[in-house]
There are 4 protein chains.
Amino acid sequence: MPRRTRNRILHEALKIFSNKGIRETTIKDIARAVGITEGAIYRHFDSKEQIVKSLFLNSSQEFYTHLNSALSKAQNFEEALKNLSEAFLNYAFTNPEAFKFINLFHYFKIDYELRLKDGKMPKDVVYEFFKSHEEIGIQPEYATALFIGTLERIFLFYEMGFIDDIEEDIQEKAYRLLLNIFKSNKEGA
Amino acid sequence: MPRRTRNRILHEALKIFSNKGIRETTIKDIARAVGITEGAIYRHFDSKEQIVKSLFLNSSQEFYTHLNSALSKAQNFEEALKNLSEAFLNYAFTNPEAFKFINLFHYFKIDYELRLKDGKMPKDVVYEFFKSHEEIGIQPEYATALFIGTLERIFLFYEMGFIDDIEEDIQEKAYRLLLNIFKSNKEGA
Amino acid sequence: MPRRTRNRILHEALKIFSNKGIRETTIKDIARAVGITEGAIYRHFDSKEQIVKSLFLNSSQEFYTHLNSALSKAQNFEEALKNLSEAFLNYAFTNPEAFKFINLFHYFKIDYELRLKDGKMPKDVVYEFFKSHEEIGIQPEYATALFIGTLERIFLFYEMGFIDDIEEDIQEKAYRLLLNIFKSNKEGA
Amino acid sequence: MPRRTRNRILHEALKIFSNKGIRETTIKDIARAVGITEGAIYRHFDSKEQIVKSLFLNSSQEFYTHLNSALSKAQNFEEALKNLSEAFLNYAFTNPEAFKFINLFHYFKIDYELRLKDGKMPKDVVYEFFKSHEEIGIQPEYATALFIGTLERIFLFYEMGFIDDIEEDIQEKAYRLLLNIFKSNKEGA
DNA sequence: CATGAATGAGTATTCATTCAT
DNA sequence: GATGAATGAATACTCATTCAT
């Protein structure tokens with residue numbers, strides 16, 4: 001429950017953006033959701049684009065940090081995989097709007113400058129992890145694609161009702177699936 | 001090089017839609033690309049929405065058929081997996097605009113009626129395939145998420161330059177990756 | 001049942017104009033009703049305006065002649081009034097589209113040049129009649145307003161269901177009403 | 001001279017509508033007349049249709065009230081007829097735009113829901129009046145048609161210069177004309 | 001800080017008219 | 001005579017942004 005108007009704007013904007021899309025969300029929509037008028041938005045942000053950018057940077061940062069801290073707590077490969085996959089889905093389940101919002105940017109080249117200058121994109125956590133475990137015998141780019149693609153699609157299937165397990169089961173099943181894949185590859189190597 | 005105006009409209013619209021997004025593409029953009037005036041578009045389509053729908057239905061159908069025919073030519077599980085994964089990436093590489101356009105609809109609830117009435121969505125081919133091979137020990141919904149999510153993400157990584165193999169190598173690597181996963185699961189079972 | 005295309009165009013245009021209004025009727029509407037294409041209309045008329053003008057001139061002329069010939073058959077004031085009022089309503093009942101179409105022009109200064117050059121407007125028949133019967137003691141302009149206004153409004157009330165007599169009764173009642181008015185004024189004079 | 005923008009819009013729109021017709025009046029026309037831009041109109045009204053509806057409801061209500069209060073001040077039939085006919089013409093002379101605008105709706109079925117829910121249409125005042133005086137021997141529907149039709153047409157003839165009396169004289173003559181009609185009928189009965 | 005009116009540049013869509021076939 | 005594709009100007013409406021209060 002953010003108190004300050006600026007945060008309330010970001011909070012509501014994120015919800016509407018992820019539901020309706022960025023372009024189809026108007027400043028008026030956001031203002032109405034926050035309970036202020038259109039003009040007031042411009043006390044806090046210079047433009048709609050700035051709201052979008054703030055949101056993307058915030059969310060990416062948050063997701064990045066979330067993944068990173070989950071990873072850092074792990075003692076071994078198995079635990080790391082567990083922490084990382086659970087953190088990934090946990091973020092998606094807890095912040096579906098932010099999660100979907102971040103993913104919008106893979107399809108729209110809305111603003112490529114948005115990439116954080118020091119490369120702190122969520123996927124980089126995953127990539128670095130697999131890069132430091134080349135012994136599993138999968139090229140880290142492909143491992144990353146497998147990890148992110150699978151989890152993201154599982155989340156989407158969950159959201160559209162195609163997968164109807166409860167969140168905890170999904171996290172458990174997803175972890176086991178990934179573990180099987182990477183363990184067997186590791187052993188097979 | 002489609003000759004007829006209607007096809008030229010669809011052709012150009014698809015390209016622009018997949019690059020800029022549907023909402024940010026104007027009728028004027030399309031008209032200019034085709035080399036006619038805005039009004040002329042409306043001799044061929046009643047509305048922008050109709051162009052979007054036509055495109056979605058066409059592309060989905062095409063992709064569905066492409067996957068289906070690849071699958072039907074296979075004699076066994078391994079071959080089926082090979083044909084299916086190659087057909088999937090082949091479609092993405094050959095028709096990147098259509099492929100990206102179809103995927104737009106996972107994020108935007110633009111029009112859920114758009115789903116083909118008899119459920120002939122591309123993902124259903126994959127789902128049915130895994131459903132008839134439950135011996136691999138992976139719940140078909142999760143197997144589908146894994147298959148589609150991984151390949152889609154590989155394609156995206158390729159497009160953004162994060163993966164820089166050539167298309168043939170990607171197809172080969174992707175197939176091997178998937179085969180390893182499903183074979184080992186099959187054997188482990 | 002006009003055979004020639006030109007007449008069919010006029011025929012259908014009149015119907016649609018009087019129902020939807022001139023501005024809201026498109027060339028396409030007319031073409032569709034006639035069973036030809038838009039371009040073909042322009043083989044017969046230079047513009048939409050020309051169709052409107054032709055229609056107005058034709059209808060006015062027709063109505064004018066209809067009233068005039070009814071009047072000319074009368075032997076005395078009473079008969080003249082009877083013939084004129086019956087002819088007026090008869091025209092409205094038989095050609096409601098044309099009748100309503102003519103009346104559109106009282107409200108819109110769509111094109112004042114449309115008035116027939118030699119003044120052959122339907123109302124002039126009525127006006128001339130009352131002018132030649134000043135003995136009734138009503139200024140002919142007012143008598144004309146009374147005659148036309150009353151009958152037109154009766155027709156409108158009939159059309160909107162506010163008056164629900166059958167057409168014959170309306171003609172009879174209207175005639176008696178007018179006769180009473182003008183006879184008593186005549187006698188009172 | 002209304003000060004507030006919303007009222008200025010209604011004021012100017014009424015003038016232009018009654019001159020050019022509703023369909024041929026553009027939002028730009030109205031905006032220009034008010035001295036604002038097109039977009040500004042939409043801060044005050046959701047659509048052109050809403051302007052039309054507001055205007056129709058306002059004008060009808062105003063005219064209805066005008067007639068009703070004139071009628072209620074009368075002590076007897078003669079006075080009532082005098083008050084009603086004078087109020088009718090007075091409204092037309094004073095608010096020619098509103099008067100003509102209201103009458104547009106007899107010819108165009110623009111929106112039949114526009115009729116006030118409790119039936120408070122101007123003509124109803126006249127109708128109720130004649131209904132409570134059936135002793136005059138004229139069916140109230142026909143008396144209403146006579147009253148309204150005659151006065152409306154007199155106004156139109158005045159506007160087009162066909163009747164060139166001054167307004168006061170017209171009111172006087174119209175009243176006498178109607179009085180003669182209804183009095184003689186009353187006596188004749 | 002906030003309001004709400006206003007701007008101005010779009011945006012999809014309509015439609016009378018033209019013209020090559 | 002007729003077709004149907006195309007034009008081009010107009011039209012209602014939208015929306016990010018500005019600004020006086």
Side-chain angles (χ1 to χ4, degrees), chain A residues 4-6 8-9 22-32 34-52, chain B residues 3-6 8-9 22-31 34-52, chain C residues 4-6 8-9 22-32 34-52, chain D residues 3-6 8-9 22-31 34-52:
Chain A
R4 287 192 292 190
T5 305
R6 191 190 145 90
R8 296 228 318 281
I9 292 171
I22 295 167
R23 185 65 191 272
E24 18 282 300
T25 300
T26 71
I27 291 289
K28 197 168 198 165
D29 287 337
I30 300 170
R32 202 180 297 135
V34 175
I36 56 179
T37 58
E38 302 160 77
I41 299 269
Y42 288 85
R43 282 272 146 200
H44 303 277
F45 296 92
D46 288 342
S47 67
K48 183 179 172 180
E49 198 186 353
Q50 206 192 96
I51 299 178
V52 173
Chain B
R3 252 186 325 219
R4 286 190 293 188
T5 305
R6 192 191 144 91
R8 295 227 318 279
I9 292 171
I22 295 167
R23 186 67 192 273
E24 17 282 302
T25 300
T26 70
I27 292 290
K28 200 167 198 162
D29 287 338
I30 300 170
V34 175
I36 55 178
T37 58
E38 297 166 75
I41 301 269
Y42 288 88
R43 183 152 289 271
H44 304 277
F45 296 92
D46 287 342
S47 64
K48 182 179 171 180
E49 196 186 353
Q50 206 193 93
I51 300 178
V52 173
Chain C
R4 288 192 292 191
T5 306
R6 190 190 145 89
R8 297 227 320 279
I9 292 171
I22 295 167
R23 185 67 190 274
E24 17 283 300
T25 300
T26 70
I27 291 290
K28 197 168 197 165
D29 288 337
I30 300 170
R32 202 180 296 135
V34 174
I36 55 177
T37 59
E38 302 162 77
I41 300 270
Y42 288 86
R43 282 271 146 202
H44 304 277
F45 295 93
D46 288 342
S47 65
K48 183 179 173 181
E49 198 187 352
Q50 206 192 96
I51 299 178
V52 173
Chain D
R3 255 186 322 220
R4 287 189 293 187
T5 306
R6 192 191 144 90
R8 297 227 318 279
I9 292 171
I22 295 167
R23 187 64 193 272
E24 18 282 302
T25 300
T26 70
I27 293 289
K28 200 167 199 161
D29 288 337
I30 300 170
V34 175
I36 56 179
T37 58
E38 298 167 73
I41 301 268
Y42 290 88
R43 183 151 290 271
H44 303 277
F45 296 92
D46 287 343
S47 65
K48 183 180 171 180
E49 197 186 352
Q50 207 193 95
I51 300 178
V52 173

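All chains are named by letter (A, B, ...) in the order of the sequence lines, taking the proteins before the strands, and each is independently numbered beginning at 1.
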Please enumerate all residues that pass side chain to side chain donor-acceptor pair (under 3.5 Å) together with C:Glu38, with sequence neighbours excluded. B:Arg43
Just jot down the side chain to side chain donor-acceptor pair (under 3.5 Å) partners of C:Thr26, sequence neighbours excluded, or say none. C:Asp29
Atom-to-atom span, [atom1] of [X] to [atom2] of [N] - whole angstrom:
X	N	atom1	atom2	value
B:Glu38	E:dG10	CD	P	12 Å
C:Ile30	E:dC15	CD1	C1'	12 Å
D:Glu24	E:dT14	CD	C1'	15 Å

P atoms of E:dC1 and F:dT21, separation to the nearest Å: 23 Å
Could you work out, with salt bridge (charged side-chain N to carboxylate O under 4.0 Å, His left out) as the rule, every residue matching D:Arg23, not counting sequence neighbours? C:Glu24
For D:Asp46, all residues meeting salt bridge (charged side-chain N to carboxylate O under 4.0 Å, His left out), sequence neighbours excluded: none
Pairing of DNA chain E as dot-bracket, 5' to 3': ( ) intra-strand, [ ] crossing, | other strand, . unpaired, with Watson-Crick or G-U pairs under 3.5 Å? .||||||||||||||||||||
Under 4.0 Å: is that the gap between some side-chain N or O of A:Thr5 and OP1 or OP2 of E:dA2? yes
Span of DNA chain F engaged by chain C, first through last nucleotide within the 4.0 Å heavy-atom cut-off, is F:dG1 to F:dG4
Upstream residue (5' side of DNA chain F) when A:Gly39 and C:Ile36 are each assigned their closest nucleotide: C:Ile36
Toward the 5' end of DNA chain F, which comes first, A:Ile27 or C:Arg23, by nearest nucleotide? C:Arg23
Residues two or more places apart in sequence or in another chain: which of them pass side-chain contact (heavy atoms from CB on, under 4.5 Å) with D:Tyr42? D:Ile27
Non-neighbouring partners of D:Thr37 that pass side-chain contact (heavy atoms from CB on, under 4.5 Å), sequence neighbours left out: D:Ala40
What is the minimum heavy-atom distance between D:Thr5 and D:His44, and which atoms define it? CG2-NE2, 3.6 Å
Counting only non-hydrogen atoms, which of residues 40-47 of chain A are less than 4.0 Å from DNA chain E? A:Ala40, A:Arg43, A:His44
Rounded to the nearest 0.5 angstrom, the CD1-CD1 distance for A:Ile51 and A:Ile41 is 5.5 Å
What's C:Thr26 touching, base or sugar-phosphate or nothing? Going by heavy atoms closer than 4.0 Å. sugar-phosphate
